[in-house]
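Hydrogens, waters and symmetry mates are skipped; everything else that's a heavy atom, side chains included, is used. For clarity, every value in this text was computed on a predicted model and none was experimentally measured. By convention in this document, chain letters (A, B, ...) are assigned in the order of the sequence lines, proteins followed by strands, and residues within each chain are numbered from 1.
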Amino acid sequence: MPNPPSGTATPGRVRVRFAPSPTGFLHVGGARTALFNWLFARRHGGTFVLRIEDTDQERSTEESVRTILEGLGWLGIDWDEGPFFQSRNVQAHRALALRLLEERKAYYCFCSAAELEARRAAAEKAGSAWKYDRLCVNLSPEEARRRLQGGEPAAVRFLVPEGTVAWDDLVHGPTSFDSAVLEDIVLLRSNGSPTYNLSCVSDDVAMRVTHVIRGDDHISNTPKQILLYRAAGLEPPRFAHLPLILGPDKKRLSKRHGAVSVTEYRDKGYLPEAMFNFLALLGWSPGEGREKMTRDEMIAAFRLEDINKKGSVFDEQKLEWLNSQYINDLAPERIVALVRPQLEAAGLLSADIEEGGARRAWFLKVITTLKARSKRLPDFVRDARPFLTDDFEYSEDAVKRYLGTDGNRMRALRAAFETVEPFTEEATEKALRALAESRGDKAADYIHPLRVALVGTAVSPGVFTILILIGKERALRRIDRLIAFLDSRATAT
RNA sequence: GGCGCUAUCGUCUAGGGGUUAGGACGGAUGGUUCUCAGCCAUCAGACCGGGGUUCGAAUCCCCGUAGCGCUACCA
């Protein structure tokens, strides 16, 4: 049972929302925002609402909605209400704008995009910062109505009142803006569609959102929204602005930094629990140097006050390390279930290693010996290959480093192994070492080529371990194959 | 340009008027050993700069500087 909410929460039930726009995949920044909202809601026994901000009809796609839901689902971030689609609420958004219009807190603006652009260019040329010049602010309602009826298109602008706008940001502390720096923002476009700030406020009110937790690229939208709440006579929610996730160049993480979509990380073989844990630690720390934590531990420890203000670089190496930690905790059965599709795709899946199959137990042993050295799921597929098929090559590196010019040692080893019974790790190791000693060689002179014979690579788990896993019969065949390879090489040169 | 936000090891961070400035990833070295990984041990590595306040500042204040974000009839 988590402790009662700490002082940050306003009284009453916590309601938060994640509001992605479906114009692409779920990127890690968005995922982290969702995650923090989720953690906060769970911590306070509140409600997590999912709202899809699809009002940009040009760029929003259903496919994108699907991948966002898929990404959240993969991470185990579930929502209590929604998904709601913002586009369904445009009537409410418009009604709010119309109400402000009625109360003279907003006004019609007939300036066309081209006129605006011209005036802006002129202002910039003159070296002054451009802000909408309020050309239409004093139009009488009668004149506005007349021009509207005459078919002239008009946008609705919010009349920004004078004064300062301040709020106590839950992560940044007291923050304020002079409203003089704000221009009269467009609420309704000339085609009648609502703009972001209007829709956002309208929906947050409708959904009774108590805490807006979002990226700090929204800090400059916050005063506009607070002003809108005030104009509507509504109490604004609390705001918490999260630091951005950065690429290695300290710029906001984007596609040119490589993978930014959570599904890409899934496909690269990261575990959702590792990704979740890693993302939670980006900008948040529970203190005490805790790194690897369960979801419940994170929920219990989560406090907005502990979120730091500095943007954090996404360090995939650390993600990989965390992932390896999580992989290590996984039961072999779970690992098999996770890599099964890739095994199948690689043509390595056979009935006898499936659940209930004759070699199931054996295969679980293979996975177990591979576990400690695996950082990502595909590592298993790569490393399990020589256990599942004879179809593998000798790596160039292994050949260069460990293969001599003739097969004599391997011939001797093969003969020695042939008589080892039972064929155990201890017995085979003893036989190999005895053989090496009797011939005045080092054990390594046999061990390394043997590894190449067995798995084709210069690196693997302990040779005797894999030797037993592969089994006497197959091992002898593979030694034969290496001898043949060595002999053909000898005659070729 | 305007406005805003930020500033502790390479990276993620803890700490916060008096500390050997702590941990994790990554790096280096050594150990285990048949390789690599793992594991264990050790090491290197930071308070952006300048002024204040103070007996004492990385910590509080101011001023710089730098980085980032926003500056749409996108969200």
Six-ring centre of Phe417(A), Lys472(A) cation under 6.0 angstrom, axis tolerance 45°: no

Could you check whether [X] gets within reach of a base, just the sugar-phosphate, or nothing at all, counting any heavy atom under 4.0 Å?
X	answer
Arg290(A)	nothing
His218(A)	base
Lys442(A)	nothing
Phe278(A)	nothing
Leu244(A)	sugar-phosphate
Pro461(A)	base
Arg214(A)	nothing
Thr175(A)	sugar-phosphate
Ser374(A)	nothing
Ala458(A)	base

Calculate the interatomic distance between [X] atom [atom1] and [N] atom [atom2]; express it in whole Å.
X	N	atom1	atom2	answer
Arg409(A)	rC34(B)	CZ	P	16 Å
Tyr196(A)	rC73(B)	OH	P	16 Å
Asp216(A)	rA75(B)	CG	P	20 Å
Trp321(A)	rG26(B)	CH2	C1'	12 Å
Ile245(A)	rG67(B)	CD1	P	22 Å
Arg59(A)	rA72(B)	CZ	C1'	12 Å
Gln225(A)	rA75(B)	CD	P	12 Å
Asp441(A)	rC34(B)	CG	P	15 Å

Output field: ring centroids Phe36(A)/Phe302(A) closer than 6.0 Å: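 Between Phe36(A) and Phe302(A), the centre distance is under 6.0 Å.
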
Quick check: does any side chain N or O of [X] sit under 3.5 Å from a backbone N or O of [Y], one acting as donor and the other as acceptor?
X	Y	value
Lys371(A)	Asn328(A)	yes
Gln86(A)	Thr55(A)	no
Asn37(A)	Thr33(A)	yes
Arg147(A)	Glu152(A)	no
Arg334(A)	Leu330(A)	no
Ser179(A)	Leu182(A)	no

Determine the Euclidean distance between corresponding [atom1] atoms of [M] and [N]; express it in Å to zero decimal places.
N	M	atom1	answer
rA66(B)	rG50(B)	C1'	14 Å
rU35(B)	rC43(B)	P	26 Å
rG52(B)	rG30(B)	C1'	49 Å
rC3(B)	rC61(B)	C1'	23 Å
rA44(B)	rG1(B)	P	43 Å
rG67(B)	rU8(B)	P	15 Å
rU11(B)	rG49(B)	C1'	23 Å
rG2(B)	rC48(B)	C1'	25 Å

Nucleotide of rU35(B), rC3(B), rG38(B) approaching Lys375(A) most closely (side-chain heavy atoms): rG38(B)

Closest listed nucleotide, where the reference is the side chain of Ala129(A) and the choices are rC73(B), rG1(B), rG69(B):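 Looking only at heavy atoms from C-beta outward on Ala129(A), the closest nucleotide is rG1(B).
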
Under a 3.5 Å limit for both distances, which nucleotide forms a Watson-Crick or G-U wobble pair with [N], could you say?
N	value
rA57(B)	none
rG38(B)	rU32(B)
rA75(B)	none
rU19(B)	none
rC43(B)	rG27(B)
rU65(B)	rA7(B)

Give me, pair by pair, the N or O atoms of the protein and of nucleotides 29-33 of chain B that are less than 3.5 Å apart, along with how far apart they are.
none

Donor on one side chain, acceptor on other, Asp397(A) and Ser395(A), under 3.5 Å: no

Flag for Tyr196(A)-Asn221(A): side-chain donor and acceptor within less than 3.5 Å: no

Parallel, tilted or perpendicular: ring planes of Phe239(A) versus Trp167(A), cut at 30 and 60 degrees: perpendicular

Upstream residue (5' side of RNA chain B) when Ser176(A) and Glu429(A) are each assigned their closest nucleotide: Ser176(A)

Residue met sooner reading RNA chain B from 5', once Lys224(A) and Val171(A) are mapped to nucleotides: Val171(A)

Polar pair under 3.5 Å, donor/acceptor by atom type, side chain Arg451(A), base rC34(B): yes

Distance-only donor-acceptor test (3.5 Å): side chain Thr195(A), base rC73(B): no

CA sep, side-chain torsions, deciding dist, call: Tyr402(A), Arg451(A), side chain to side chain contact (heavy atoms under 4.5 Å, CB included): CA-CA 9 Å; Tyr402(A) 295 127; Arg451(A) 168 176 291 110; 5.6 Å; no

Pair Arg51(A)-Ser199(A), side chain to side chain donor-acceptor pair (under 3.5 Å): steps then yes or no: CA-CA 11 Å; Arg51(A) 178 172 84 220; Ser199(A) 299; over 6 Å; no

Verify stack between His172(A) ring and rG4(B) base, 5.5 Å, 30 degrees: no

Short side-chain N/O contact from Thr55(A) to OP1 or OP2 of rA75(B), under 4.0 Å: yes

N/O-N/O pairs, protein side and nucleotides 10-14 of chain B side, under 3.5 Å:
unit_1, atom_1, unit_2, atom_2, d
rU11(B), OP1, Lys250(A), NZ, 2.9
rC12(B), OP1, Val313(A), N, 2.9
rC12(B), O2', Leu281(A), O, 3.3
rC12(B), O2, Lys318(A), NZ, 3.4
rU13(B), OP1, Gly283(A), N, 2.5
rU13(B), OP1, Ser312(A), OG, 3.4
rU13(B), O2', Ser285(A), OG, 3.4

